[in-house]
Amino acid sequence: MARKAKYQLTAGTIVWVSEKAVDDITAMVPEEEQNKISTTSKEISYTGGQKSDLDVTVLESDEQEMENGLRGMGELTINGNWKPEDAGQDSLRAADADDSLRLMAIKFKSGNGVKLLVQVRQDSWNVAQNGVASGTFNLRVIGKPLYEPAPAAPAGG
């Protein structure tokens, strides 16, 4: 029986953040300046920016009429193990300190990926008795994510 479900597995996902500030989502970041954050991340959550409503209803309208206004910023939340000397987390903490932008890339084992231009809104961490220190980065997504499909398999393989 053939599978019909479509899904994206998350095991083996690589996530990195640029070591230095960038201004554009298409910036080329050398591999040595790609600081992994997937070695401490447990969960990443993206929420796209919501557009505001523009009420264009007039006296002759049969119902309320709306148009989309400007798009709000998206949000990305990273939860995981807090590690003070982790290069990826250090990059986000530096971006938080100077309000600079970072390029973040998520690459799934399948080859599908997404790039996001982010700005740190909040860095938080917590500890509890007999546990592991955990932390969260709340990021503002600037512009739209850039989705990258997995490379096509070579023909005649």
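Reckoned from all heavy atoms, side chains included, excluding hydrogens, waters and symmetry mates.
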Pairs of donor and acceptor atoms involving the side chains of residues 125-137, under 3.5 Å and at least two apart or interchain, shall be tabulated with distances.
| residue | atom | partner | partner atom | Å |
| --- | --- | --- | --- | --- |
| N126 | OD1 | S134 | OG | 2.8 |
| T136 | OG1 | N79 | OD1 | 2.6 |

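- Counted within 6.0 Å of CG on D24, heavy atoms from surrounding residues, nucleotides or ligands total more than 12; the atom is thus considered enclosed.
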Extract all donor-acceptor atom pairs below 3.5 Å that involve side chains of residues 92-101 and protein atoms in other chains or at least two apart in sequence.
| residue | atom | partner | partner atom | Å |
| --- | --- | --- | --- | --- |
| R93 | NH1 | Q89 | OE1 | 3.4 |
| R93 | NH2 | K83 | O | 3.2 |
| R93 | NH2 | P84 | O | 3.0 |
| R93 | NH2 | D90 | OD1 | 3.2 |
| D98 | OD1 | S100 | N | 3.0 |
| D98 | OD1 | S100 | OG | 2.6 |
| S100 | OG | R102 | NH1 | 2.6 |

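- Between K115 and M104, the closest side-chain pair of non-hydrogen atoms is not below 4.5 Å.
- Here the CG atom belonging to L54 is positioned 13.0 Å from the CD atom belonging to E65, to the nearest 0.5 angstrom.
- Both V15 and F108 sit in one connected hydrophobic cluster of ILVMFWY residues. Membership requires side-chain heavy atoms under 4.5 Å apart, directly or through other members.
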Would N81 and K42 count as a side-chain contact (heavy atoms from CB on, under 4.5 Å) here? Give the steps.
CA-CA 7 Å; N81 298 333; K42 292 185 174 194; 3.1 Å; yes
Is there a side-chain contact (heavy atoms from CB on, under 4.5 Å) between Q50 and R71? Walk through the geometry before answering.
CA-CA 6 Å; Q50 185 173 356; R71 174 184 297 276; over 6 Å; no
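- No side-chain donor-acceptor contact under 3.5 Å links S61 to the backbone of T57.
- Between E19 and the choices N35, V29, L103, the side-chain contact (heavy atoms from CB on, under 4.5 Å) rule is met once, by N35.
- When hydrophobic clusters are built by joining Ile, Leu, Val, Met, Phe, Trp and Tyr residues whose side-chain heavy atoms come closer than 4.5 Å, directly or via intermediates, L76 is grouped together with V120.
- Salt bridge annotation for R140-E75: absent, with no cationic side-chain nitrogen under 4.0 angstrom from a carboxylate oxygen.
- One side chain, Q8 or S110, offers a donor N or O that lies under 3.5 Å from an acceptor on the other.
- Hydrophobic clustering, with ILVMFWY side chains joined whenever heavy atoms are under 4.5 angstrom apart, keeps L70 apart from I142.
- Under the 4.5 Å side-chain contact rule for hydrophobic residues, V22 and W16 share a cluster.
- Contact check for K20 versus S18: no side-chain heavy atoms found under the 4.5 Å cut-off.
- Between D86 and K36, the closest heavy-atom pair is OD2-O, 3.9 Å.
- Under the 3.5 Å distance criterion, the side-chain polar atoms of S41 are left unmatched by any main-chain donor or acceptor of E43.
- Between Q64 and D55, the closest side-chain pair of non-hydrogen atoms falls below 4.5 Å.
- Inter-residue side-chain proximity for Q119 and M73 is flagged as unmet; no heavy-atom pair is nearer than 4.5 Å.
- At a threshold of 4.5 Å between side-chain heavy atoms, the hydrophobic network of Ile, Leu, Val, Met, Phe, Trp and Tyr places I106 and Y46 in one connected group.
- Minimum heavy-atom separation, I25 to K144: CD1-O, 3.5 Å.
- Closest non-hydrogen pair, P145 versus V114, comes out as CB-CG2, 3.6 Å.
- Under the 4.5 Å side-chain criterion, counting only non-hydrogen atoms from C-beta, T47 is not in contact with V141.
- At least one donor-acceptor pair under 3.5 Å links the side chain of N112 to the backbone N or O of A150.
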